[in-house]
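In what follows, chains carry the letters A, B, and so on, assigned in the order in which the sequence lines appear, proteins first and then strands, with residues in each chain numbered from 1. Being a predicted model, the structure only gives us computed values, none of them experimental.
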Number of protein chains: 2
Amino acid sequence: MDKLNVLLVDDHPIFLKGLVEVIQDEFHDFVIHSFSSPELAFDSAKSLKYNLAISDLDMPKMNGISLITELKILYPEILTILLTMHKEQDIMRSALVNGIDGYVLKDDVVDELVIAIEEVLKGNKYISELEVINEQDEQIEELKSLTKTELLVLKGISDNKTSKEIANDLFVSLKTIENHRNNISRKLRLKGSNSLLKFAINNKNLL
Amino acid sequence: MDKLNVLLVDDHPIFLKGLVEVIQDEFHDFVIHSFSSPELAFDSAKSLKYNLAISDLDMPKMNGISLITELKILYPEILTILLTMHKEQDIMRSALVNGIDGYVLKDDVVDELVIAIEEVLKGNKYISELEVINEQDEQIEELKSLTKTELLVLKGISDNKTSKEIANDLFVSLKTIENHRNNISRKLRLKGSNSLLKFAINNKNLL
DNA sequence: GCTAATATGAGTAAGACTACCTATTTTTTT
DNA sequence: AAAAAAATAGGTAGTCTTACTCATATTAGC
């Protein structure tokens, strides 16, 4: 097997170093060139033909998908793997649409990345398994089932308002707000003292 | 100079590998033991005395501050450096309150970590982006005026426990916990419905 | 040893939230 | 137009939290 030129890009220098180690340990026939920015990586790709590119998704200025799209224009046959913190399905799907061959979650174990590289080299696609959905994620899914008014109430709660204050804000009765609270709690499967308040504070960023 | 036992903890295996490389490259007299979870790290610390501990802040279950607090109980003279994505002031302040010696942002360049280690070994404190830290937020300052038991109660509240549950945990009367809550609220100048709960959740990372 | 701080526990009252109900009006969907 | 969903509001009971007061035993500091 010939030597393969491998392009490695991550803006976190320490992570990048770990990445080089992990990959070189496993694939002795790789000639790895690592870069801490997509711009430097792309510059290098202008003068050196790469067979495989492995890039972080979230980087300043140019993101991983843009970089890989550019690289594909230069070398249409280049194989590509994206590394990311995101486990969202739509980003993954978007990655595949953009001609990415592999998609690996950053906090997965080393084995996962190795398998991904092997599969991609064989010509297959590889996508990290979706994380098991936990309780919290389920609840966030349920957020979509809330009505406009319920979301308004939840927003009020997350803004440290009492039911009485929210009632005054919305010009309705305290009892109406209490009913909304109950309905929200039922939809989100929340039980017990102040569980709704806790949820609202912890998910303030979503509201 | 004697060999130094260094404990390294990060739940991202690839980053952890990079970390080992970077540190070993620079400090040849370090005997580095790396772990992917605070629990494993702490178990190891029970049978081996470490001189320096470098840990990620955000990890599942036990966080970096808790780990380092526990390690300090075992080895009061241990030097400690926290790695984190967060540049928030309150977390940094909390780190300092908890006796952490160094605080380095994960995406900083390698040199920064090396400098941090060198400074901490000299007995100095090292904090990334010093200028961010300034004394504001009186409430968080007032945290220092809380007694041990009051902090325990506050921790319980931030862990979503009711007064009744905390009372059971600590084998005291519900009334005692209610009194502690009142004393805490007075010290932190908190007033109104569930203000203590809101404070506890919002400052969970400090407790 | 004396004093202050801490931890413990109780009494009482009020306010807030939860957890069920039922019911009417308004809006949206089919 | 009929049916479904959403918003409104009230009842009742129970739990939890806040906000005071007071009291006592233990611990820590001077």
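- With no hydrogens or angles considered, no side-chain donor-acceptor pair links A/Y126 and A/E118 at under 3.5 Å.
- Distances shown here put every side-chain N or O of A/S185 at or beyond 4.0 Å from the OP1 or OP2 atom of C/dT18.
- To the nearest angstrom, P of C/dA10 lies 12 Å from CD1 of B/I177.
- Taking 4.0 angstrom as the limit, A/R181 places a side-chain polar atom (N or O) nearer than this to OP1 or OP2 of C/dT18.
- Dashed line: the shortest gap from a side-chain N or O of B/S163 to OP1 or OP2 of D/dT17 is under 4.0 Å.
- When the side-chain nitrogen and oxygen atoms of B/T176 are compared with OP1 and OP2 of C/dA7, none of them lie within a distance under 4.0 Å.
- Comment: B/E119 engages B/K122 in a salt bridge, judged by a side-chain N to carboxylate O separation of less than 4.0 angstrom.
- The CD1 atom of A/I157 sits 8 Å away from the P atom of C/dC17 (whole-angstrom rounding).
- Checked against C/dC17, D/dA7, C/dT8, the side chain of A/K148 finds its nearest nucleotide in D/dA7.
- The CG-P distance, from B/N182 to D/dT17, rounds to 12 Å in whole Å.
- Side-chain N/O atoms of A/H180 include none lying less than 4.0 angstrom from OP1 or OP2 on D/dA7.
- Taking only side-chain nitrogens and oxygens, B/K164 comes nearer than 4.0 Å to OP1 or OP2 of D/dC16.
- The interatomic distance linking B/L170 (CG) with C/dT8 (P) rounds to 8 Å, in whole Å.
- Checked options A/I14, A/L113, A/D56, A/V9; the residue passing with A/L19 is A/L113 (criterion: side chain to side chain contact (heavy atoms under 4.5 Å, CB included)).
- The residue among B/K187 and B/F171 whose nearest nucleotide of DNA chain C is located toward the 5' end is B/K187.
- The interatomic distance linking B/I184 (CD1) with C/dA7 (P) rounds to 10 Å, in whole Å.
- Without hydrogens or angle criteria, A/Y50 side chain to A/L71 main chain gives no donor-acceptor distance under 3.5 Å.
- Atom pair B/E178:CD and C/dA13:P shows a separation of 15 Å (rounding to whole Å applied).
- In this structure, B/H12 has its ring center no closer than 6.0 Å to that of A/F15.
- Between C/dA7 and B/T147, a contact under 4.0 Å exists linking OP1 or OP2 to a side-chain N or O.
- Taking 3.5 Å as the limit, the base of C/dG11 and the side chain of B/K175 contain a donor-acceptor pair of atoms between them.
- With hydrogens and angles ignored, a donor-acceptor pair closer than 3.5 Å exists between the side chain of B/N179 and the base of C/dA10.
- Residue contacts shown for B/L174 are absent, as no nucleic acid heavy atom lies under 4.0 Å away.
- Whole-Å rounding puts the B/L146 CG to C/dA7 C1' distance at 14 Å.
- Rounded to whole Å, the distance from CG on B/L190 to C1' on D/dT18 is 12 Å.
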